[in-house]
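Computed from a predicted structure; not experimentally measured. Numbers for residues simply follow the sequence, beginning at 1.
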Amino acid sequence: MKISLADSKSTAQQDRKQDYVAIARSLAQEFAATAIERDRVGGTPKYERDRIRSSGLLNLIIPKEYGGIGETWITALQISRELAKTDSSLAHVYSYHHLGVVIPHLFGTEERKAQFYTDTVTNNWFWCNALNPLDRRATLTPDGTGFLLNGTKSFCSGSKDSDILPITAVRQDTSELTIIVIPTQREGIQIHDDWDNIGQRQTDSGSISFDQVRVYDSEVFGDRTRADIPFRTLRSCLTQINLAHIYLGIAEGAFAAAKDYTCTQGRPWLTSNAPSVTQDPYILKHYGEMWVDLQAVSSLTDRAAAILQAAWEKGIDLTTEERGKCAIAIATAKIAATKIGLDVTTRIFEVMGARATTSKYGFDRYWRNLRTFTLHDSVDYKIHDLGNWVLNDQLPNPSFYT
């Protein structure tokens with residue numbers, strides 16, 4: 001059989017992608033050994049973050065011309081999903097690094113995009129996320145030589161042990177919600193150890209205080225509320241498809257853990273005539289239904305990721321309609337991942353039984369992590385957007401969450 005040059009190139013690209021996903025799987029297996037205990041104690045997963053640093057995967061999405069790997073969002077999302085199967089906190093901070101590193105690409109000039117991409121590769125920077133648009137307590141005040149940043153920001157995921165801090169602050173002179181990118185260790189920045197939630201315990205998603213923090217003109221990227229250029233609004237689409245993949249990864253991890261427990265430690269119910277738990281008709285029913293549901297979400301998230309990648313490649317030429325249809329596909333996937341994920345992470349106990357609630361197994365962390373993370377933004381409003389699209393052909397208006 002004759003293989004064309006195009007076929008050869010496609011195969012080579014697929015092999016490289018699998019290499020990066022294989023690295024993620026290896027890291028996930030390593031992290032799994034301590035995931036239950038780390039979930040119990042919370043705090044900063046410093047060792048694990050350093051393992052991610054040394055893996056080279058922080059440069060995954062950065063284009064090759066700036067020294068990066070130049071992979072697609074499809075691969076980046078697959079990696080986040082793999083990590084989420086065993087440790088959704090690390091998937092969280094790793095994925096938000098990519099959402100941060102493209103901020104200069106989305107909102108900056110070509111020069112600043114090149115600068116931040118190149119500096120990230122050179123210094124192996126780990127970005128975090130403090131954009132939270134609902135918290136507008138941080139203010140940016142011009143002082144003649146630049147700006148001063150003051151106030152507080154909440155839900156600053158991955159802030160501890162990070163190198164670069166992208167945030168939003170309200171400009172005092174224009175009232176614009178302005179994007180800023182500054183070094184995490186700059187004088188006047190205090191990261192608080194106040195993240196104490198039921199899930200995502202190692203994401204360091206607490207608050208940060210700013211006291212007369214110096215911000216230079218080159219670190220200011222303008223008003224985040226502007227929606228005149230569709231490509232500039234794609235950051236929320238990136239966030240939403242990222243969440244869908246992590247939610248799915250958590251559910252897939254819960255399913256795999258339950259399957260292993262059922263096969264190795266499960267027992268038939270006392271009135272069951274089945275020779276083993278794996279032959280029990282009700283157990284088989286639950287697993288069959290969960291499998292179908294997870295396959296449906298997987299198909300939706302894969303499709304949405306492909307649409308997102310196509311939108312990303314359009315760049316500044318992305319149209320309003322293309323952006324809107326991308327948002328619809330992503331919202332569909334995220335809603336499904338939320339609903340089915342919460343069902344699966346609860347339902348696994350029905351196929352494992354009472355003994356599986358023993359704390360040493362840590363099976364509850366799947367639900368706790370997913371329940372915490374799925375409250376990122378309202379599913380009800382996404383369903384409303386979809387209904388408006390289905391009945392009225394109305395694409396959702398770009399926002400911080402659509």
Trainee: Taking it one step at a time, do Asp161 and Thr44 satisfy side-chain hydrogen bond (donor to acceptor under 3.5 Å, both in side chains)?
Mentor: CA-CA 8 Å; Asp161 190 46; Thr44 306; over 6 Å; no
Trainee: Using distance alone, with no hydrogens and no angle criterion, decide if Ser95 and Asn242 have a side-chain donor and acceptor under 3.5 Å apart.
Mentor: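 Short answer, yes.
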Trainee: Is the count of non-hydrogen atoms from other residues, nucleotides or ligands lying under 6.0 Å from Glu321 atom CD greater than 12?
Mentor: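 Open: at most 12 neighbouring heavy atoms sit under 6.0 Å from CD of Glu321.
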Trainee: Between Ile180 and Ala169, which heavy-atom pair has the shortest distance, and what is it?
Mentor: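 Taking every non-hydrogen atom into account, CD1-CB, 3.8 Å.
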Trainee: Keeping to residues at least two apart or across chains, list the salt bridge (charged side-chain N to carboxylate O under 4.0 Å, His left out) pairs with something in residues 350-364.
Mentor: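 Listed once each, the pairs are Asp364-Arg368.
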Trainee: Taking NZ, NE, NH1 and NH2 as the nitrogens, is one of them in Arg51 or Glu48 under 4.0 Å from a carboxylate oxygen of the other?
Mentor: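 Glu48 and Arg51: not salt-bridged.
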Trainee: Are there over 12 heavy-atom neighbours, none belonging to Phe349, within less than 6.0 Å of that residue's CZ?
Mentor: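 Yes, enclosed.
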Trainee: Between Tyr94 and His98, what is the ring plane arrangement, given parallel below 30°, perpendicular above 60°, and tilted in between?
Mentor: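 Perpendicular.
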Trainee: Between Phe255 and Tyr287, is the ring centroid distance below 6.0 Å?
Mentor: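 For Phe255 and Tyr287, the ring centres are under 6.0 Å apart.
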Trainee: Quick one: OG on Ser89 to CD1 on Ile246, what's the gap to the nearest 0.5 Å?
Mentor: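 Ser89 OG to Ile246 CD1: 10.0 Å, rounded to 0.5 Å.
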Trainee: List the atom of Leu83, the atom of Leu90, and the distance in Å for their closest heavy-atom pair.
Mentor: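 Here Leu83 and Leu90 meet closest at CD1-O, 4.5 Å.
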Trainee: Could you walk me through whether Thr178 and Val170 pass the side chain to side chain contact (heavy atoms under 4.5 Å, CB included) check?
Mentor: CA-CA 6 Å; Thr178 303; Val170 178; over 6 Å; no
Trainee: Any chance you could measure Asp87, atom CG, to Arg38, atom CZ, to the nearest 0.5 Å?
Mentor: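 One finds 4.5 Å between CG of Asp87 and CZ of Arg38.
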Trainee: Please find the pair of heavy atoms, one from Tyr117 and one from Val101, that lie closest to each other, and give the distance.
Mentor: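 What the structure gives for the nearest pair is CE2-O, 3.5 Å.
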Trainee: Could you please spell out the steps behind the side chain to side chain contact (heavy atoms under 4.5 Å, CB included) verdict for Tyr216 and Ile182?
Mentor: CA-CA 9 Å; Tyr216 301 98; Ile182 55 178; over 6 Å; no
Trainee: With salt bridge (Lys or Arg N to Asp or Glu O under 4.0 Å) as the test, would you mind laying out the steps for Arg214 and Glu187 before giving the verdict?
Mentor: CA-CA 8 Å; Arg214 170 60 57 191; Glu187 184 178 357; over 6 Å; no
Trainee: Is a donor from one side chain sitting under 3.5 angstrom from an acceptor on the other, for Ser162 and Trp127?
Mentor: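 The answer is no; no qualifying pair exists.
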Trainee: Verify side chain to side chain contact (heavy atoms under 4.5 Å, CB included) between Glu176 and Thr225, making sure each step is shown before the conclusion.
Mentor: CA-CA 8 Å; Glu176 296 174 346; Thr225 63; 6.0 Å; no
Trainee: Regarding Asp217 and Arg112, does a basic nitrogen lie under 4.0 Å from an acidic carboxylate oxygen?
Mentor: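 No.
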Trainee: How are the rings of Phe231 and His105 set to each other: parallel, tilted or perpendicular (split at 30° and 60°)?
Mentor: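 Rings of Phe231 and His105: tilted, 30 to 60°.
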Trainee: Assess, by modelled atom type and distance only, whether the side chains of Ser207 and Asp194 contain a donor and an acceptor separated by less than 3.5 Å.
Mentor: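 Result is yes, a qualifying pair exists.
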Trainee: Taking atom types as modelled, is there a side-chain donor on Thr233 or Arg323 under 3.5 Å from an acceptor on the other?
Mentor: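 A pair is found: one side chain offers a donor N or O, the other an acceptor, under 3.5 Å apart.
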Trainee: Take Ser154 and Asp135 through the test side-chain hydrogen bond (donor to acceptor under 3.5 Å, both in side chains) and record every step on the way to the result.
Mentor: CA-CA 7 Å; Ser154 59; Asp135 187 348; 2.8 Å; yes
Trainee: Have Tyr47 and Glu30 got a donor and an acceptor in their side chains that come within less than 3.5 Å?
Mentor: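 Glu30 and Tyr47 do have a side-chain donor-acceptor pair below 3.5 Å.
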Trainee: Just by distance, no angles: are the side chains of Asp211 and Gln190 close enough, under 3.5 Å, to form a donor-acceptor pair?
Mentor: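 There is no such pair between these side chains.
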Trainee: Take Arg371 and Leu342, measure what side chain to side chain contact (heavy atoms under 4.5 Å, CB included) needs, and give me the verdict at the end.
Mentor: CA-CA 7 Å; Arg371 180 68 281 182; Leu342 289 172; 3.6 Å; yes
Trainee: Could you check whether the rings of Phe373 and His92 sit parallel, tilted or perpendicular, using 30° and 60° as the cut-offs?
Mentor: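 Phe373 vs His92 ring planes: parallel.
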Trainee: Walk me through it: do Gln212 and Asn150 pass the test side-chain hydrogen bond (donor to acceptor under 3.5 Å, both in side chains)?
Mentor: CA-CA 6 Å; Gln212 297 291 89; Asn150 288 282; 2.8 Å; yes
Trainee: Could you verify whether a donor N or O on one side chain and an acceptor N or O on the other, from Asn397 and Thr402, lie under 3.5 Å apart?
Mentor: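 No pair is found: no donor N or O on one side chain lies under 3.5 Å from an acceptor on the other.
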Trainee: Begin with the C-alpha distance, continue with both residues' side-chain angles, and end with the deciding distance and a verdict on salt bridge (Lys or Arg N to Asp or Glu O under 4.0 Å) for Lys339 and Asp343.
Mentor: CA-CA 6 Å; Lys339 290 179 174 292; Asp343 176 70; over 6 Å; no
Trainee: What's the shortest heavy-atom distance between Cys156 and Ala130, and which atoms?
Mentor: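 Nearest heavy atoms, Cys156 then Ala130: SG-CB, 3.6 Å.
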Trainee: For Glu313 and Gln309, does a side-chain donor sit closer than 3.5 Å to a side-chain acceptor?
Mentor: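 Looking only at side-chain atoms, Gln309 and Glu313 do form a donor-acceptor pair, the distance falling under 3.5 Å.
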Trainee: How many angstroms lie between atom NE2 of His192 and atom OG of Ser209, to the nearest 0.5 angstrom?
Mentor: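 One finds 2.5 Å between NE2 of His192 and OG of Ser209.
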Trainee: Hey, is Glu219 close enough to Arg186 for a salt bridge, meaning N to O under 4.0 Å?
Mentor: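 Answer for the salt bridge query: yes.
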Trainee: More than 12 heavy atoms of other residues, nucleotides or ligands under 6.0 Å from CZ of Arg303: is that the case?
Mentor: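 For Arg303, atom CZ is not crowded (no more than 12 foreign heavy atoms under 6.0 Å).
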Trainee: So, Asp280 and Ser272: side-chain donor and acceptor under 3.5 Å apart, yes or no?
Mentor: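 There is such a pair (donor and acceptor under 3.5 Å, judged by atom type) between the side chains of Asp280 and Ser272.
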Trainee: Check the pair Glu37 / Thr34 against side-chain hydrogen bond (donor to acceptor under 3.5 Å, both in side chains), numbers first and verdict last.
Mentor: CA-CA 6 Å; Glu37 180 58 26; Thr34 57; over 6 Å; no
Trainee: Is the number of heavy atoms from other residues, nucleotides or ligands within 6.0 Å of CG (Asp196) greater than 12?
Mentor: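 No - once you tally the heavy atoms of other residues, nucleotides and ligands closer than 6.0 Å, there are 12 at most.
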Trainee: Return the minimal non-hydrogen interatomic distance between Gly56 and Ile69, and the atom names on each side.
Mentor: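 Gly56 and Ile69 have their closest heavy atoms at O-CD1, 3.6 Å.
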Trainee: For a quick check under 3.5 Å, do Lys153 and Thr168 share a side-chain donor-acceptor pair by atom type?
Mentor: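 Yes, a side-chain donor-acceptor pair sits under 3.5 Å.
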Trainee: What are the two closest non-hydrogen atoms of Ile36 and Gly362, and how far apart are they?
Mentor: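 Closest approach of Ile36 to Gly362: CG2-CA, 4.1 Å.
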Trainee: I need the Asp39 CG to Asn369 CG distance, nearest 0.5 Å.
Mentor: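 Rounded to the nearest 0.5 Å, the CG-CG separation comes out at 5.5 Å.
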Trainee: Given the side-chain rings of Phe107 and Phe221, with only the six-membered ring counted for Trp, is the space between their centroids under 6.0 Å?
Mentor: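 Between Phe221 and Phe107, which both carry aromatic rings, the centre distance is not below 6.0 Å.
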Trainee: I'd like to know if Asp377 and Lys334 make a salt bridge, using a cut-off of under 4.0 Å between side-chain N and carboxylate O.
Mentor: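 Salt bridge: yes.
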Trainee: Would you kindly say whether Asp119 and Asn123 are connected by a side-chain donor-acceptor distance under 3.5 Å?
Mentor: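 There is no such pair between these side chains.
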Trainee: Taking Glu322 first and then Lys325, would you say they form a salt bridge - that is, a charged N and a carboxylate O separated by under 4.0 Å?
Mentor: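 No, this pair does not count.
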Trainee: Can Arg53 and Asp50 be said to form a salt bridge (Lys or Arg N to Asp or Glu O under 4.0 Å), step by step?
Mentor: CA-CA 5 Å; Arg53 279 187 171 98; Asp50 284 344; 3.0 Å; yes
Trainee: Can a donor-acceptor pair be found between the side chains of Ser157 and Asn129 at a distance below 3.5 Å?
Mentor: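 There is no such pair (donor and acceptor under 3.5 Å, judged by atom type) between the side chains of Ser157 and Asn129.
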Trainee: What's the verdict on ring-ring contact (aromatic ring centres under 6.0 Å, His included) for Phe363 and Tyr261, showing C-alpha distance, side-chain angles and the deciding distance?
Mentor: CA-CA 10 Å; Phe363 292 130; Tyr261 182 92; 5.6 Å; yes
Trainee: In terms of the angle between their ring planes, are Tyr401 and His376 parallel, tilted or perpendicular, with boundaries placed at 30° and 60°?
Mentor: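 Perpendicular.
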Trainee: Can Thr75 and Gln78 be counted as having a side-chain donor-acceptor contact under 3.5 angstrom?
Mentor: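 Side chains of Thr75 and Gln78: no pair found under 3.5 Å.
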